[in-house]
Amino acid sequence: MESLHNKIPHLLLGLSSFAPLPCFASETVVSANDKINLESIVVSIDDFFNRNPFFVAGVTFIWLVVVPLTQEYLKKFKFISAINAFRKLRDDPNAQLLDIRDGKSLAYLGSPNLKILNKGVVQVQFSQDDEDAFLKSVSTKFADPKNTTVCVLDNFDGNSMKVAELLFKNGFKEAYAIRGGIRGKNGWQAIQENLLPPSVHIYPKKKVKMSRQPEVNGGIIIEGEDNSKASSSASVPLDSSETVDNGYVKKPIKSTPQAKLGSRSSSPYPNYPDLKPPSSPTPAKPRT
């Protein structure tokens, strides 16, 4: 009996080598349960997608399209098309147009004329090297920035978006960058013929060239780039007896003094009545 009592521990140790201990068994069960739960979750999600494809597509569309568009719409500084910028300037009494181009660009292509809207165009050149001076100059042009909506106009997209963000962050109510600017694709010039009234159209300024082509009366013809001609005022004065007919100067013909009426002169030359033609010799009589 005593020997059996002594062999029990060795027997238990041998059994433990063939079967796992209780603690290891519990860990194995838990890990197996975790794996089963994860697989069930994945399967359930996949089953939900397969049963509700339209719901999944709708949620994806809202997340990827509607939410970004809403955020963009609610932004107070963003791009705006040229036609929508004109409509905003027309419909909003607090909307103003800010032209940020340099002097050379303005000399070649001026700003839109907004007299039809009873508004003017504010022109302040933007420089990235001196934004503080730009802000100071703009602030002097607008009396109430907090209630002012600004539409920023550049040659192309250029710096207009940066200026719009800068103005909004420095106290303006709203700021919009006109997409395409003046000369870009779908910009002001591109749409003006079809969508904008003629009074706000923009055209390049033409230089007048002087050509040295004298007129018939001695003036100088001025030819522009559009080949239109206009005579200068530096014309040679005409005499009182001279007249102009269809661009030609007519001078009176001075008549030579005529011979006095009376006995007809035998001279064949009317201007020289005393000059007679030479006389031919009298033929001699034939000798008989």
Side-chain angles (χ1 to χ4, degrees), residues 77-92 95-131 133-135 137-138 140-142 148-167 172 175-215 219-235:
F77 61 93
K78 57 185 177 182
F79 277 113
I80 189 173
S81 64
I83 182 61
N84 287 335
F86 175 78
R87 291 169 180 167
K88 186 173 288 292
L89 291 169
R90 180 192 61 190
D91 301 335
D92 187 356
Q96 298 292 335
L97 182 62
L98 174 63
D99 196 333
I100 62 171
R101 295 176 296 153
D102 56 15
K104 291 183 179 179
S105 299
L106 290 171
Y108 173 73
L109 200 62
S111 301
N113 187 348
L114 301 181
K115 288 184 178 180
I116 189 176
L117 306 178
N118 296 322
K119 294 181 179 180
V121 180
V122 179
Q123 297 175 346
V124 180
Q125 180 179 348
F126 174 72
S127 176
Q128 295 182 358
D129 300 331
D130 197 356
E131 294 182 357
F134 171 77
L135 287 173
S137 178
V138 170
T140 59
K141 303 290 184 179
F142 298 97
T148 302
T149 300
V150 181
C151 295
V152 184
L153 186 64
D154 201 355
N155 279 320
F156 301 93
D157 288 339
N159 297 314
S160 56
M161 188 61 185
K162 184 175 183 179
V163 171
E165 181 178 0
L166 186 66
L167 294 177
F172 281 82
Y176 298 94
I178 298 178
R179 188 180 297 277
I182 285 185
R183 302 165 59 187
K185 182 179 180 181
N186 297 325
W188 196 281
Q189 270 194 313
I191 69 164
Q192 65 181 6
E193 297 295 338
N194 298 324
L195 301 177
L196 299 179
S199 59
V200 299
H201 289 185
I202 309 173
Y203 298 103
K205 298 179 180 179
K206 299 178 181 179
K207 296 181 180 179
V208 178
K209 295 181 180 179
M210 297 289 294
S211 64
R212 294 294 176 181
Q213 298 181 4
E215 279 186 336
I220 297 175
I221 299 176
I222 301 175
E223 293 186 358
E225 293 183 353
D226 57 350
N227 296 328
S228 61
K229 298 180 180 180
S231 60
S232 65
S233 60
S235 301

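Glu165 and Lys78 are not joined by a salt bridge, as no carboxylate oxygen comes within less than 4.0 angstrom of a charged side-chain nitrogen.
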Query - Pair Tyr176-Asn84, side-chain contact (heavy atoms from CB on, under 4.5 Å): steps then yes or no - result: CA-CA 10 Å; Tyr176 298 94; Asn84 287 335; over 6 Å; no
Report task. Go through the steps for Asp157 and Arg179 under the test side-chain contact (heavy atoms from CB on, under 4.5 Å), then give the verdict. Result -> CA-CA 6 Å; Asp157 288 339; Arg179 188 180 297 277; 4.0 Å; yes
Report task. Would you check, one step at a time, whether the test ring pair (Phe, Tyr, Trp, His ring centres under 6.0 Å) holds for Phe172 with Phe142? Result -> CA-CA 10 Å; Phe172 281 82; Phe142 298 97; 5.5 Å; yes
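Taking 4.5 Å as the limit, some side-chain heavy atom of Arg183 sits within range of a side-chain heavy atom of Phe156. Inter-residue side-chain proximity for Ser111 and Leu97 is flagged as unmet; no heavy-atom pair is nearer than 4.5 Å. Contact check for Phe79 versus Ile178: no side-chain heavy atoms found under the 4.5 Å cut-off. Phe126 places none of its side-chain heavy atoms less than 4.5 Å from the side chain of Val152. Contact of the Ile100 side chain with the Phe134 side chain is registered, since non-hydrogen atoms from C-beta on lie closer than 4.5 Å. Between Trp188 and His201 there is no side-chain heavy-atom pair separated by less than 4.5 Å. In this structure the side chain of Leu153 never reaches within 4.5 angstrom of the side chain of Leu98, judged on heavy atoms.
Contact between Cys151 and Lys88 at its shortest, heavy atoms only, is SG-CD, 4.4 Å. Summarising the geometry of Ile80 relative to Ala85, their closest heavy-atom pair is CD1-N, 3.8 Å, with the distance given to 0.1 Å. When all heavy atoms are compared, the tightest approach of Gln189 to Ile202 is NE2-O, 3.2 Å. Between Val200 and Leu114, the closest heavy-atom pair is CG1-CD2, 4.2 Å.
Panel note: side chain Arg101, backbone Leu109; a donor-acceptor pair is recorded below 3.5 Å. The backbone N or O of Ser137 sits less than 3.5 Å from a side-chain atom of Thr140, completing a donor-acceptor pair. No donor-acceptor distance shorter than 3.5 angstrom exists from the side chain of Asp154 to the backbone of Gly181, with no hydrogens or angles considered. Side-chain N or O atoms of Lys119 include one that pairs as donor or acceptor with a backbone N or O of Ala95 at under 3.5 Å. Side chain of Asn159 to main chain of Lys162: no donor-acceptor pair is present (N/O by atom type, distance under 3.5 Å, no hydrogens or angles).
A distance of 10.0 Å separates CZ of Arg90 from CG of Leu196, quoted to the nearest 0.5 Å. Residue Gln123 holds its CD atom at 11.0 Å from OG of Ser105, rounded to the nearest 0.5 Å. Atoms OG and CD1, on Ser199 and Ile116 in that order, are 3.5 Å from each other to the nearest 0.5 Å. Taken to the nearest 0.5 Å, the CG atom of Asp129 stands 4.5 Å off from the OG atom of Ser127. Note: Leu89 CG to Thr149 OG1 = 9.5 Å, rounded to the nearest 0.5 Å. Rounding to the nearest 0.5 angstrom, the gap separating the CG atom in Asn186 from the CD1 atom in Ile191 is 8.0 Å.
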